[in-house]
Amino acid sequence: MKVTVKQSVAGVKADLLVFFLGQAADGEPLSCPHPHLADVLAQAQAGGDFTGKDGQTLVVYPPAGQGEASRLLAVGLGKEAPSQESWRKCGGVVAGVCQKKRVRRVVMVMPAGLVLPASAMAQALTEGLILGSYRFDRYKTVTEDEERPLAIEELVLIAEEVKTARQGAAWGLNGALAACRARDMANEPANHWTPADFAAYGQDLARRYGLKCMVLGKTELAKLKMGGLLAVNQGTSEPPQMVIVEYRTGKRGAPTLLLVGKGLTFDSGGISIKPSANMHEMKYDMCGGAAVLACLEAMAQERLRGLDVVAIVPATDNMPGPGALKPGDIITQHNGKTVEIISTDAEGRLILADALAYGIKKFKPAAVIDLATLTGAVIVGLGHHLTGLMSNDDKLAAQIVRAGQESGEPVWRLPLGKDYGKQIESKVADLKNVGDQGAGTITAGVFLQEFVGETPWAHLDIAGTAWNFTEKAYVPKGPSGIGVRLLLELIRNWNFRG
Ligand code: BES
Ligand code: MN
Ligand code: ZN
(Lines give C-alpha, C1' and ligand atoms only; values in the text may rest on other atoms or scores of the structure.)
(Ligands and ions follow the chains in the order given, each with its own letter.)
Protein backbone atom coordinates (compact mmCIF):
# COMPACT_ATOMS: atom_id res chain seq x y z
CA MET A 1 0.00 0.00 0.00
CA LYS A 2 1.11 3.51 -0.82
CA VAL A 3 0.57 6.45 1.52
CA THR A 4 0.83 10.06 0.40
CA VAL A 5 0.07 13.37 2.09
CA LYS A 6 -1.44 16.37 0.31
CA GLN A 7 -2.49 19.78 1.49
CA SER A 8 -5.75 20.10 -0.39
CA VAL A 9 -8.50 17.75 -1.39
CA ALA A 10 -9.11 19.68 -4.64
CA GLY A 11 -8.88 17.39 -7.66
CA VAL A 12 -7.99 14.28 -5.60
CA LYS A 13 -9.67 11.15 -6.95
CA ALA A 14 -11.04 8.64 -4.47
CA ASP A 15 -13.25 5.58 -4.12
CA LEU A 16 -13.94 6.87 -0.64
CA LEU A 17 -13.42 10.38 0.74
CA VAL A 18 -13.51 10.44 4.53
CA PHE A 19 -14.37 13.29 6.90
CA PHE A 20 -14.12 13.08 10.68
CA LEU A 21 -16.71 15.02 12.64
CA GLY A 22 -16.94 15.82 16.31
CA GLN A 23 -20.27 15.35 18.05
CA ALA A 24 -22.35 18.52 17.86
CA ALA A 25 -23.73 20.08 21.03
CA ASP A 26 -27.50 19.72 21.44
CA GLY A 27 -29.33 21.77 18.81
CA GLU A 28 -26.11 22.69 16.98
CA PRO A 29 -25.50 21.56 13.41
CA LEU A 30 -22.56 19.27 12.60
CA SER A 31 -19.76 21.14 10.94
CA CYS A 32 -18.57 19.56 7.69
CA PRO A 33 -16.43 21.24 5.02
CA HIS A 34 -18.01 19.24 2.17
CA PRO A 35 -21.19 21.03 0.98
CA HIS A 36 -23.08 17.97 -0.26
CA LEU A 37 -22.15 15.85 2.74
CA ALA A 38 -23.11 18.74 5.03
CA ASP A 39 -26.61 18.82 3.50
CA VAL A 40 -27.14 15.09 3.89
CA LEU A 41 -25.72 15.19 7.41
CA ALA A 42 -28.22 17.85 8.41
CA GLN A 43 -31.00 15.44 7.45
CA ALA A 44 -29.30 12.46 9.05
CA GLN A 45 -28.82 14.45 12.22
CA ALA A 46 -32.46 15.52 12.29
CA GLY A 47 -33.47 11.88 11.92
CA GLY A 48 -31.00 10.83 14.62
CA ASP A 49 -29.08 8.58 12.21
CA PHE A 50 -25.79 10.38 12.56
CA THR A 51 -24.92 12.71 15.42
CA GLY A 52 -21.12 12.49 15.34
CA LYS A 53 -21.04 9.99 18.17
CA ASP A 54 -17.79 8.09 18.59
CA GLY A 55 -17.49 5.38 15.93
CA GLN A 56 -20.68 6.27 14.00
CA THR A 57 -20.42 6.11 10.21
CA LEU A 58 -22.51 7.31 7.30
CA VAL A 59 -21.81 6.58 3.64
CA VAL A 60 -23.15 9.10 1.15
CA TYR A 61 -23.08 9.15 -2.65
CA PRO A 62 -22.40 12.58 -4.13
CA PRO A 63 -24.55 13.82 -7.00
CA ALA A 64 -23.04 13.05 -10.39
CA GLY A 65 -20.50 15.61 -11.53
CA GLN A 66 -19.75 16.92 -8.05
CA GLY A 67 -16.13 16.34 -7.09
CA GLU A 68 -13.82 13.42 -7.81
CA ALA A 69 -14.92 11.00 -5.11
CA SER A 70 -17.40 8.24 -5.79
CA ARG A 71 -18.35 7.88 -2.13
CA LEU A 72 -18.24 10.11 0.92
CA LEU A 73 -17.89 8.79 4.45
CA ALA A 74 -18.58 10.65 7.68
CA VAL A 75 -16.99 9.19 10.82
CA GLY A 76 -18.06 10.37 14.27
CA LEU A 77 -15.38 11.41 16.75
CA GLY A 78 -17.55 11.81 19.85
CA LYS A 79 -17.51 14.70 22.30
CA GLU A 80 -13.97 14.58 23.59
CA ALA A 81 -10.81 15.58 21.73
CA PRO A 82 -9.66 12.30 20.16
CA SER A 83 -6.49 10.66 21.46
CA GLN A 84 -3.92 8.89 19.32
CA GLU A 85 -5.66 5.63 20.16
CA SER A 86 -9.01 7.08 19.01
CA TRP A 87 -7.43 7.97 15.67
CA ARG A 88 -6.09 4.46 15.36
CA LYS A 89 -9.59 3.15 15.96
CA CYS A 90 -10.95 5.62 13.37
CA GLY A 91 -8.47 4.20 10.86
CA GLY A 92 -9.80 0.75 11.73
CA VAL A 93 -13.40 1.87 11.24
CA VAL A 94 -12.51 3.27 7.80
CA ALA A 95 -10.77 -0.04 6.99
CA GLY A 96 -14.02 -1.86 7.72
CA VAL A 97 -15.96 0.36 5.31
CA CYS A 98 -13.25 -0.02 2.66
CA GLN A 99 -13.51 -3.78 2.89
CA LYS A 100 -17.32 -3.75 2.49
CA LYS A 101 -17.29 -1.27 -0.39
CA ARG A 102 -14.25 -2.78 -2.13
CA VAL A 103 -12.32 0.47 -1.98
CA ARG A 104 -8.91 0.71 -3.63
CA ARG A 105 -8.11 4.35 -3.08
CA VAL A 106 -9.13 6.07 0.14
CA VAL A 107 -8.65 9.72 1.04
CA MET A 108 -8.93 10.93 4.63
CA VAL A 109 -9.24 14.57 5.54
CA MET A 110 -7.44 15.29 8.80
CA PRO A 111 -9.34 17.91 10.78
CA ALA A 112 -7.29 20.95 11.77
CA GLY A 113 -7.19 22.68 15.12
CA LEU A 114 -7.14 19.56 17.27
CA VAL A 115 -4.62 19.28 20.10
CA LEU A 116 -2.76 16.23 18.81
CA PRO A 117 0.26 16.97 16.56
CA ALA A 118 -0.33 16.26 12.86
CA SER A 119 2.42 13.61 12.89
CA ALA A 120 0.75 11.59 15.64
CA MET A 121 -2.65 11.87 13.96
CA ALA A 122 -1.29 10.80 10.57
CA GLN A 123 0.62 7.92 12.14
CA ALA A 124 -2.41 6.67 14.02
CA LEU A 125 -4.79 6.90 11.05
CA THR A 126 -2.34 5.07 8.83
CA GLU A 127 -1.74 2.37 11.44
CA GLY A 128 -5.44 1.90 12.05
CA LEU A 129 -6.24 1.58 8.35
CA ILE A 130 -3.51 -0.97 7.67
CA LEU A 131 -3.94 -2.98 10.86
CA GLY A 132 -7.71 -2.92 10.44
CA SER A 133 -7.67 -4.23 6.89
CA TYR A 134 -5.40 -7.16 7.72
CA ARG A 135 -6.54 -10.58 6.51
CA PHE A 136 -4.96 -13.99 6.41
CA ASP A 137 -6.60 -16.05 3.69
CA ARG A 138 -3.78 -17.77 1.86
CA TYR A 139 -5.16 -21.22 2.69
CA LYS A 140 -8.71 -20.40 1.58
CA THR A 141 -9.65 -21.54 -1.87
CA VAL A 142 -11.44 -18.79 -3.74
CA THR A 143 -14.65 -20.14 -5.24
CA GLU A 144 -16.44 -17.15 -6.69
CA ASP A 145 -14.83 -14.02 -8.05
CA GLU A 146 -17.19 -11.95 -5.92
CA GLU A 147 -15.68 -13.23 -2.73
CA ARG A 148 -12.14 -12.28 -3.57
CA PRO A 149 -11.34 -9.51 -1.10
CA LEU A 150 -9.70 -6.36 -2.40
CA ALA A 151 -6.63 -4.80 -0.86
CA ILE A 152 -6.48 -1.04 -0.39
CA GLU A 153 -3.90 0.25 -2.84
CA GLU A 154 -3.49 3.83 -1.77
CA LEU A 155 -4.16 6.09 1.17
CA VAL A 156 -4.06 9.85 0.73
CA LEU A 157 -4.07 12.01 3.83
CA ILE A 158 -5.12 15.63 3.53
CA ALA A 159 -3.30 17.71 6.13
CA GLU A 160 -2.40 21.34 6.65
CA GLU A 161 1.05 20.53 8.01
CA VAL A 162 2.14 18.33 5.13
CA LYS A 163 5.72 17.77 6.26
CA THR A 164 5.00 16.64 9.82
CA ALA A 165 2.08 14.52 8.66
CA ARG A 166 4.38 12.84 6.14
CA GLN A 167 6.81 11.76 8.87
CA GLY A 168 3.94 10.36 10.94
CA ALA A 169 2.43 8.55 7.97
CA ALA A 170 5.79 6.96 7.14
CA TRP A 171 6.20 5.69 10.69
CA GLY A 172 2.62 4.47 10.74
CA LEU A 173 3.01 2.61 7.46
CA ASN A 174 6.26 0.96 8.43
CA GLY A 175 5.17 -0.06 11.93
CA ALA A 176 1.79 -1.37 10.84
CA LEU A 177 3.24 -3.41 7.98
CA ALA A 178 5.75 -4.90 10.41
CA ALA A 179 2.97 -5.83 12.84
CA CYS A 180 1.11 -7.46 9.92
CA ARG A 181 4.21 -9.50 9.08
CA ALA A 182 4.31 -10.71 12.69
CA ARG A 183 0.62 -11.62 12.37
CA ASP A 184 1.38 -13.53 9.18
CA MET A 185 4.10 -15.59 10.86
CA ALA A 186 1.78 -16.34 13.76
CA ASN A 187 -1.14 -17.27 11.52
CA GLU A 188 0.93 -19.86 9.71
CA PRO A 189 0.10 -23.19 11.31
CA ALA A 190 2.84 -25.23 12.96
CA ASN A 191 3.17 -27.52 9.95
CA HIS A 192 3.95 -24.47 7.81
CA TRP A 193 5.95 -22.43 10.30
CA THR A 194 8.72 -24.47 11.85
CA PRO A 195 11.97 -23.46 13.55
CA ALA A 196 13.57 -23.81 10.10
CA ASP A 197 11.16 -21.15 8.82
CA PHE A 198 12.31 -18.78 11.56
CA ALA A 199 15.88 -19.43 10.43
CA ALA A 200 15.00 -18.82 6.78
CA TYR A 201 13.21 -15.60 7.70
CA GLY A 202 16.24 -14.35 9.62
CA GLN A 203 18.60 -15.21 6.78
CA ASP A 204 16.33 -13.55 4.25
CA LEU A 205 16.19 -10.42 6.41
CA ALA A 206 19.97 -10.37 6.55
CA ARG A 207 20.27 -10.75 2.80
CA ARG A 208 17.72 -8.04 2.00
CA TYR A 209 19.04 -5.43 4.41
CA GLY A 210 22.72 -6.32 4.64
CA LEU A 211 22.46 -7.50 8.25
CA LYS A 212 24.30 -10.32 9.93
CA CYS A 213 22.37 -13.50 10.65
CA MET A 214 23.69 -16.47 12.54
CA VAL A 215 21.69 -19.67 12.90
CA LEU A 216 22.70 -22.17 15.55
CA GLY A 217 21.52 -25.69 14.70
CA LYS A 218 21.52 -28.77 16.89
CA THR A 219 25.28 -29.37 16.66
CA GLU A 220 26.21 -25.78 17.55
CA LEU A 221 23.61 -25.73 20.32
CA ALA A 222 25.12 -28.87 21.79
CA LYS A 223 28.63 -27.40 21.58
CA LEU A 224 27.41 -24.27 23.36
CA LYS A 225 25.64 -26.40 25.99
CA MET A 226 22.21 -24.86 25.37
CA GLY A 227 20.63 -27.43 27.66
CA GLY A 228 17.26 -25.69 27.87
CA LEU A 229 16.50 -25.44 24.17
CA LEU A 230 17.84 -28.94 23.55
CA ALA A 231 15.79 -30.42 26.40
CA VAL A 232 12.54 -28.92 25.12
CA ASN A 233 13.40 -30.13 21.63
CA GLN A 234 13.93 -33.77 22.70
CA GLY A 235 10.36 -34.87 22.05
CA THR A 236 9.99 -33.58 18.48
CA SER A 237 11.43 -34.58 15.13
CA GLU A 238 11.60 -30.92 14.09
CA PRO A 239 15.22 -29.71 14.61
CA PRO A 240 15.75 -26.74 16.96
CA GLN A 241 17.19 -23.43 15.79
CA MET A 242 18.54 -20.38 17.52
CA VAL A 243 18.23 -17.47 15.13
CA ILE A 244 20.38 -14.41 15.77
CA VAL A 245 20.06 -11.28 13.63
CA GLU A 246 22.21 -8.21 14.19
CA TYR A 247 21.29 -4.69 13.15
CA ARG A 248 24.36 -2.46 13.37
CA THR A 249 24.30 1.28 12.86
CA GLY A 250 28.01 1.40 12.19
CA LYS A 251 28.45 4.05 14.85
CA ARG A 252 31.31 3.19 17.18
CA GLY A 253 30.31 2.95 20.81
CA ALA A 254 26.59 2.78 20.05
CA PRO A 255 24.80 0.87 22.82
CA THR A 256 23.29 -2.51 22.00
CA LEU A 257 19.72 -3.45 22.76
CA LEU A 258 19.12 -7.18 22.89
CA LEU A 259 15.67 -8.47 22.00
CA VAL A 260 14.78 -12.07 22.77
CA GLY A 261 11.53 -13.60 21.52
CA LYS A 262 10.03 -16.96 22.42
CA GLY A 263 9.80 -18.97 19.21
CA LEU A 264 7.88 -22.02 20.40
CA THR A 265 6.40 -23.12 17.08
CA PHE A 266 3.95 -25.51 18.75
CA ASP A 267 3.38 -26.09 22.46
CA SER A 268 1.59 -29.37 23.14
CA GLY A 269 2.87 -29.23 26.70
CA GLY A 270 5.15 -32.21 26.07
CA ILE A 271 4.78 -35.13 28.52
CA SER A 272 2.86 -32.74 30.83
CA ILE A 273 0.44 -32.60 27.94
CA LYS A 274 -2.16 -29.86 27.64
CA PRO A 275 -5.90 -30.52 27.51
CA SER A 276 -7.07 -30.88 23.91
CA ALA A 277 -9.59 -28.00 24.02
CA ASN A 278 -8.01 -25.01 22.27
CA MET A 279 -4.66 -26.73 21.95
CA HIS A 280 -4.60 -25.58 18.32
CA GLU A 281 -4.04 -22.06 19.60
CA MET A 282 -0.59 -23.12 20.77
CA LYS A 283 0.66 -22.55 17.23
CA TYR A 284 0.72 -18.93 18.42
CA ASP A 285 3.34 -19.70 21.06
CA MET A 286 5.94 -18.14 18.76
CA CYS A 287 4.47 -14.62 18.76
CA GLY A 288 7.38 -13.20 20.79
CA GLY A 289 9.86 -14.46 18.21
CA ALA A 290 7.74 -13.09 15.36
CA ALA A 291 7.58 -9.70 17.07
CA VAL A 292 11.33 -9.27 17.52
CA LEU A 293 12.14 -10.24 13.92
CA ALA A 294 9.41 -8.00 12.51
CA CYS A 295 10.64 -5.14 14.69
CA LEU A 296 14.20 -5.56 13.45
CA GLU A 297 12.95 -5.56 9.88
CA ALA A 298 11.11 -2.27 10.41
CA MET A 299 14.22 -0.77 12.00
CA ALA A 300 16.34 -1.80 9.06
CA GLN A 301 13.81 -0.30 6.67
CA GLU A 302 13.84 2.96 8.59
CA ARG A 303 17.62 2.89 9.01
CA LEU A 304 17.18 3.91 12.63
CA ARG A 305 20.39 5.34 14.07
CA GLY A 306 22.08 5.52 17.41
CA LEU A 307 21.28 2.07 18.68
CA ASP A 308 22.51 -1.39 17.67
CA VAL A 309 19.85 -4.05 18.02
CA VAL A 310 20.32 -7.80 18.18
CA ALA A 311 17.33 -10.13 17.98
CA ILE A 312 17.51 -13.72 19.20
CA VAL A 313 14.78 -16.29 18.64
CA PRO A 314 15.18 -19.68 20.28
CA ALA A 315 12.86 -21.88 18.24
CA THR A 316 11.48 -25.39 18.71
CA ASP A 317 8.26 -27.40 19.03
CA ASN A 318 7.36 -28.84 22.44
CA MET A 319 6.14 -32.38 21.79
CA PRO A 320 5.80 -35.62 23.76
CA GLY A 321 7.58 -37.88 21.24
CA PRO A 322 10.13 -40.58 22.04
CA GLY A 323 13.04 -39.14 23.94
CA ALA A 324 10.91 -36.30 25.32
CA LEU A 325 11.94 -34.46 28.44
CA LYS A 326 10.28 -35.89 31.55
CA PRO A 327 9.00 -34.34 34.75
CA GLY A 328 11.69 -34.88 37.36
CA ASP A 329 14.55 -34.62 34.85
CA ILE A 330 17.35 -32.23 35.74
CA ILE A 331 18.87 -30.19 32.94
CA THR A 332 21.80 -27.77 32.73
CA GLN A 333 21.23 -24.39 31.11
CA HIS A 334 23.81 -22.52 29.01
CA ASN A 335 25.13 -20.60 32.01
CA GLY A 336 25.65 -23.78 34.06
CA LYS A 337 22.60 -23.46 36.30
CA THR A 338 20.72 -26.71 36.87
CA VAL A 339 16.94 -26.90 36.64
CA GLU A 340 14.59 -29.55 37.97
CA ILE A 341 11.73 -30.06 35.53
CA ILE A 342 8.41 -30.05 37.38
CA SER A 343 6.30 -29.59 34.27
CA THR A 344 7.45 -30.01 30.69
CA ASP A 345 4.75 -27.46 29.85
CA ALA A 346 6.79 -24.70 31.52
CA GLU A 347 9.13 -24.86 28.52
CA GLY A 348 9.27 -21.22 27.47
CA ARG A 349 11.47 -20.17 30.36
CA LEU A 350 13.93 -22.98 29.55
CA ILE A 351 14.55 -21.87 25.98
CA LEU A 352 14.56 -18.17 26.92
CA ALA A 353 17.06 -18.77 29.74
CA ASP A 354 19.66 -20.10 27.29
CA ALA A 355 19.03 -17.28 24.81
CA LEU A 356 19.25 -14.59 27.51
CA ALA A 357 22.43 -15.95 29.09
CA TYR A 358 24.10 -16.48 25.72
CA GLY A 359 23.00 -13.15 24.24
CA ILE A 360 24.15 -11.15 27.26
CA LYS A 361 27.54 -12.86 27.36
CA LYS A 362 28.10 -12.50 23.62
CA PHE A 363 26.72 -9.05 22.87
CA LYS A 364 27.17 -7.22 26.21
CA PRO A 365 23.95 -5.24 25.68
CA ALA A 366 23.08 -2.04 27.53
CA ALA A 367 19.60 -3.47 27.97
CA VAL A 368 17.64 -6.64 27.23
CA ILE A 369 13.95 -7.06 26.52
CA ASP A 370 12.31 -10.43 26.11
CA LEU A 371 8.84 -11.06 24.73
CA ALA A 372 7.09 -14.33 25.40
CA THR A 373 3.68 -15.97 25.52
CA LEU A 374 4.90 -17.35 28.80
CA THR A 375 2.07 -17.98 31.26
CA GLY A 376 -1.66 -18.61 31.30
CA ALA A 377 -1.52 -16.91 34.71
CA VAL A 378 -1.03 -13.50 33.12
CA ILE A 379 -4.50 -13.92 31.57
CA VAL A 380 -5.92 -14.66 35.01
CA GLY A 381 -4.32 -11.49 36.36
CA LEU A 382 -4.63 -8.99 33.53
CA GLY A 383 -7.05 -10.53 31.06
CA HIS A 384 -6.57 -9.77 27.40
CA HIS A 385 -6.07 -6.02 27.74
CA LEU A 386 -2.61 -5.57 29.20
CA THR A 387 0.78 -7.15 28.66
CA GLY A 388 2.57 -8.12 31.87
CA LEU A 389 5.85 -6.29 32.44
CA MET A 390 8.55 -7.34 34.88
CA SER A 391 11.88 -5.58 35.12
CA ASN A 392 14.98 -5.13 37.28
CA ASP A 393 15.39 -1.53 36.06
CA ASP A 394 12.94 1.29 36.83
CA LYS A 395 14.13 3.54 34.00
CA LEU A 396 13.78 0.85 31.38
CA ALA A 397 10.40 -0.15 32.80
CA ALA A 398 9.19 3.46 32.68
CA GLN A 399 10.24 3.77 29.03
CA ILE A 400 8.37 0.60 28.19
CA VAL A 401 5.24 1.75 30.02
CA ARG A 402 5.35 5.01 28.04
CA ALA A 403 5.91 3.23 24.72
CA GLY A 404 3.03 0.91 25.55
CA GLN A 405 0.69 3.83 26.12
CA GLU A 406 1.78 5.63 22.96
CA SER A 407 1.47 2.57 20.76
CA GLY A 408 -1.88 1.35 22.04
CA GLU A 409 -0.19 -1.77 23.41
CA PRO A 410 -0.43 -1.02 27.13
CA VAL A 411 1.60 -2.90 29.73
CA TRP A 412 1.22 -3.30 33.46
CA ARG A 413 4.21 -3.78 35.71
CA LEU A 414 4.26 -6.65 38.17
CA PRO A 415 6.78 -6.99 41.00
CA LEU A 416 9.78 -9.29 41.26
CA GLY A 417 11.70 -10.09 44.42
CA LYS A 418 13.29 -12.57 46.80
CA ASP A 419 10.04 -13.90 48.22
CA TYR A 420 8.96 -15.00 44.78
CA GLY A 421 12.45 -16.36 44.16
CA LYS A 422 11.99 -18.78 47.08
CA GLN A 423 9.04 -20.31 45.26
CA ILE A 424 11.30 -21.69 42.53
CA GLU A 425 13.97 -23.14 44.84
CA SER A 426 14.48 -26.85 44.20
CA LYS A 427 15.61 -29.50 46.67
CA VAL A 428 17.74 -31.26 44.07
CA ALA A 429 18.83 -28.55 41.60
CA ASP A 430 19.59 -24.81 41.54
CA LEU A 431 16.05 -24.00 40.38
CA LYS A 432 12.81 -25.69 39.47
CA ASN A 433 10.85 -24.67 36.42
CA VAL A 434 7.48 -24.22 38.15
CA GLY A 435 6.93 -22.21 41.30
CA ASP A 436 4.54 -23.32 44.00
CA GLN A 437 2.01 -21.12 45.80
CA GLY A 438 0.60 -18.98 43.03
CA ALA A 439 1.87 -15.87 41.19
CA GLY A 440 2.65 -17.97 38.12
CA THR A 441 3.54 -15.00 35.96
CA ILE A 442 5.95 -13.55 38.49
CA THR A 443 7.64 -16.85 39.33
CA ALA A 444 8.28 -17.27 35.60
CA GLY A 445 9.74 -13.74 35.65
CA VAL A 446 12.06 -14.42 38.58
CA PHE A 447 13.16 -17.63 36.86
CA LEU A 448 14.28 -15.59 33.84
CA GLN A 449 15.94 -13.05 36.11
CA GLU A 450 18.35 -15.78 37.20
CA PHE A 451 19.85 -15.61 33.69
CA VAL A 452 20.31 -11.88 33.13
CA GLY A 453 22.69 -10.91 35.95
CA GLU A 454 22.95 -7.16 36.47
CA THR A 455 22.05 -6.17 32.90
CA PRO A 456 18.98 -3.90 32.75
CA TRP A 457 16.27 -6.27 31.62
CA ALA A 458 12.55 -6.28 31.02
CA HIS A 459 10.29 -9.23 30.43
CA LEU A 460 6.99 -8.85 28.60
CA ASP A 461 4.51 -11.67 29.12
CA ILE A 462 2.28 -11.39 26.06
CA ALA A 463 0.26 -14.60 26.61
CA GLY A 464 -2.93 -12.55 27.03
CA THR A 465 -2.33 -10.02 24.27
CA ALA A 466 -0.59 -11.89 21.45
CA TRP A 467 -3.99 -13.15 20.32
CA ASN A 468 -7.53 -12.52 21.62
CA PHE A 469 -6.23 -9.01 22.36
CA THR A 470 -8.91 -6.43 23.33
CA GLU A 471 -11.36 -6.25 20.45
CA LYS A 472 -10.90 -3.01 18.54
CA ALA A 473 -11.61 -1.83 15.01
CA TYR A 474 -7.94 -2.25 14.15
CA VAL A 475 -7.36 -5.53 15.97
CA PRO A 476 -8.99 -8.40 14.09
CA LYS A 477 -9.53 -11.82 15.68
CA GLY A 478 -6.43 -13.99 15.72
CA PRO A 479 -2.87 -12.84 16.38
CA SER A 480 -2.50 -9.13 17.13
CA GLY A 481 1.13 -8.53 16.22
CA ILE A 482 1.59 -7.20 19.75
CA GLY A 483 5.01 -5.93 20.73
CA VAL A 484 6.16 -4.82 17.29
CA ARG A 485 4.83 -1.28 17.48
CA LEU A 486 5.63 -1.00 21.18
CA LEU A 487 9.27 -1.89 20.53
CA LEU A 488 9.47 0.46 17.55
CA GLU A 489 8.04 3.30 19.61
CA LEU A 490 10.62 2.56 22.30
CA ILE A 491 13.51 2.39 19.84
CA ARG A 492 12.48 5.51 17.93
CA ASN A 493 12.64 7.41 21.24
CA TRP A 494 15.55 5.57 22.83
CA ASN A 495 16.86 7.76 25.61
CA PHE A 496 16.61 5.88 28.87
CA ARG A 497 20.37 5.90 29.38
CA GLY A 498 20.50 9.67 29.46
N1 BES B 1 2.69 -21.19 26.14
C2 BES B 1 2.19 -21.45 27.43
C3 BES B 1 1.53 -20.22 28.06
C4 BES B 1 0.19 -19.85 27.53
C5 BES B 1 -0.97 -20.39 28.08
C6 BES B 1 0.05 -18.90 26.55
C7 BES B 1 -2.21 -20.01 27.61
C8 BES B 1 -1.18 -18.52 26.10
C9 BES B 1 -2.32 -19.08 26.62
C10 BES B 1 3.33 -21.86 28.35
O11 BES B 1 4.35 -22.58 27.77
C12 BES B 1 2.73 -22.73 29.41
O13 BES B 1 2.27 -23.77 29.08
N14 BES B 1 2.77 -22.27 30.64
C15 BES B 1 2.21 -23.01 31.72
C16 BES B 1 3.16 -22.90 32.87
C17 BES B 1 2.81 -23.79 34.04
C18 BES B 1 3.02 -25.24 33.68
C19 BES B 1 3.67 -23.41 35.20
C20 BES B 1 0.86 -22.40 32.07
O21 BES B 1 0.73 -21.19 32.04
O22 BES B 1 -0.06 -23.18 32.29
MN1 MN C 1 3.91 -24.68 27.74
ZN1 ZN D 1 4.58 -22.31 25.74
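Whatever order the structure lists them in is the order used to number ligands and atoms, beginning at 1. We use all heavy atoms of the structure for the numbers below, so side chains are in, but hydrogens, waters and symmetry mates are not.
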### Task
Name whichever N, O or S atom of Asp267 ends up nearest to the Zn ion (ligand 3).
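Looking only at N, O and S atoms of Asp267, the one nearest the Zn ion (ligand 3) is named OD2.
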### Message
To make sure I understand the geometry: which N, O or S atom in Asp285 is closest to the Zn ion (ligand 3)?
### Response
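Going through the N, O and S atoms of Asp285 one by one, OD2 ends up nearest to the Zn ion (ligand 3).
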Please write down residue, atom name and distance for the protein heavy atom closest to [atom].
atom                    : answer
atom 17 (C) of ligand 1 : Ala346 CB, 4.4 Å
atom 14 (N) of ligand 1 : Leu374 O, 3.4 Å
atom 2 (C) of ligand 1  : Asp267 OD2, 3.6 Å
atom 12 (C) of ligand 1 : Asp345 O, 3.2 Å

### Query
So which of Gln333, Arg349, Lys337 actually passes side chain to side chain donor-acceptor pair (under 3.5 Å) with Glu450?
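In the set Gln333, Arg349, Lys337, the residue that makes a side chain to side chain donor-acceptor pair (under 3.5 Å) with Glu450 is Lys337.
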Examine distances only and state if a side-chain atom of [X] and a backbone atom of [Y] form a donor-acceptor pair shorter than 3.5 Å.
X      : Y      : answer
His334 : Gly228 : no
Arg413 : Met390 : no
Asn187 : Phe136 : no

Under 4.0 Å from a heavy atom of [X]: give me the atoms of ligand 1 that qualify, with their elements.
X      : result
Ser343 : 18 (C)
Thr373 : 1 (N), 2 (C), 3 (C), 6 (C)
Val434 : 19 (C)
Glu347 : 11 (O)
Ala463 : 6 (C), 8 (C)

Should [X] be counted as touching ligand 1, given the test is an N or O pair under 3.5 Å?
X      : answer
Arg349 : no
Gly376 : yes
Lys262 : yes

### Message
With respect to the Mn ion (ligand 2), please indicate if Asp345 possesses an N, O or S atom at a distance under 2.8 Å.
### Response
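Checking Asp345: at least one N, O or S atom is under 2.8 Å.
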[X] vs [Y] aromatic rings, parallel, tilted or perpendicular, using cut-offs 30° and 60°?
X      : Y      : result
Trp467 : Tyr284 : tilted
His459 : Trp457 : parallel
His192 : Tyr139 : tilted

### Arg492/Glu489 salt bridge by N-O under 4.0 Å criterion
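Salt bridge: no.
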Among side-chain atoms of [X] and [Y], is any donor-acceptor pair under 3.5 angstrom?
X      : Y      : answer
Thr265 : Asp317 : yes
Asp436 : Gln423 : no
Glu85  : Tyr474 : yes
Ser272 : Asp345 : no

### Task
Considering just N/O/S atoms, say which atom of Asp267 is closest to the Mn ion (ligand 2).
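Distance check against the Mn ion (ligand 2) picks out OD2 in Asp267.
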### the Mn ion (ligand 2) to Glu347: nearest N/O/S atom name
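Atom name of the closest N, O or S in Glu347: OE1.
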### Query
If you measure from each non-hydrogen atom of Asp285 to ligand 1, which part falls under 4.0 Å: side chain, backbone, both or neither?
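Only the side chain of Asp285 comes within reach of ligand 1.
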### Query
Is it the side chain, the backbone, both or neither of Trp467 that has a heavy atom closer than 4.0 Å to ligand 1?
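Side chain only.
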### Message
Any N/O/S atom, side chain or main chain, of Asp345 closer to the Zn ion (ligand 3) than 2.8 Å?
### Response
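Not a single backbone or side-chain N, O or S atom of Asp345 is under 2.8 Å from the Zn ion (ligand 3).
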### Task
Could you check which of Met286, Lys274, Met282 puts a non-hydrogen atom nearest to atom 7 (C) of ligand 1?
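Ranked by closest heavy atom to atom 7 (C) of ligand 1, first place is Met282.
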### Message
Any protein heavy-atom neighbour for atom 22 (O) of ligand 1 (distance below 4.0 angstrom)?
### Response
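No, no protein heavy atom sits under 4.0 Å from atom 22 (O) of ligand 1.
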### Task
Compute the centroid of each ring, for Phe266 and then for Trp193, and state whether the two points are separated by less than 6.0 Å.
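They do not qualify: ring centres at least 6.0 Å apart.
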### Query
Only one of Thr373, Val378, Val411, Leu486 clears side-chain contact (heavy atoms from CB on, under 4.5 Å) with Ile462; which?
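Of Thr373, Val378, Val411, Leu486, side-chain contact (heavy atoms from CB on, under 4.5 Å) with Ile462 is met by Thr373 alone.
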### Message
How large, to 10°, is the angle at the Zn ion (ligand 3) when you draw lines to NZ on Lys262 and to OE2 on Glu347?
### Response
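Rounding to the nearest 10 degrees gives 90°.
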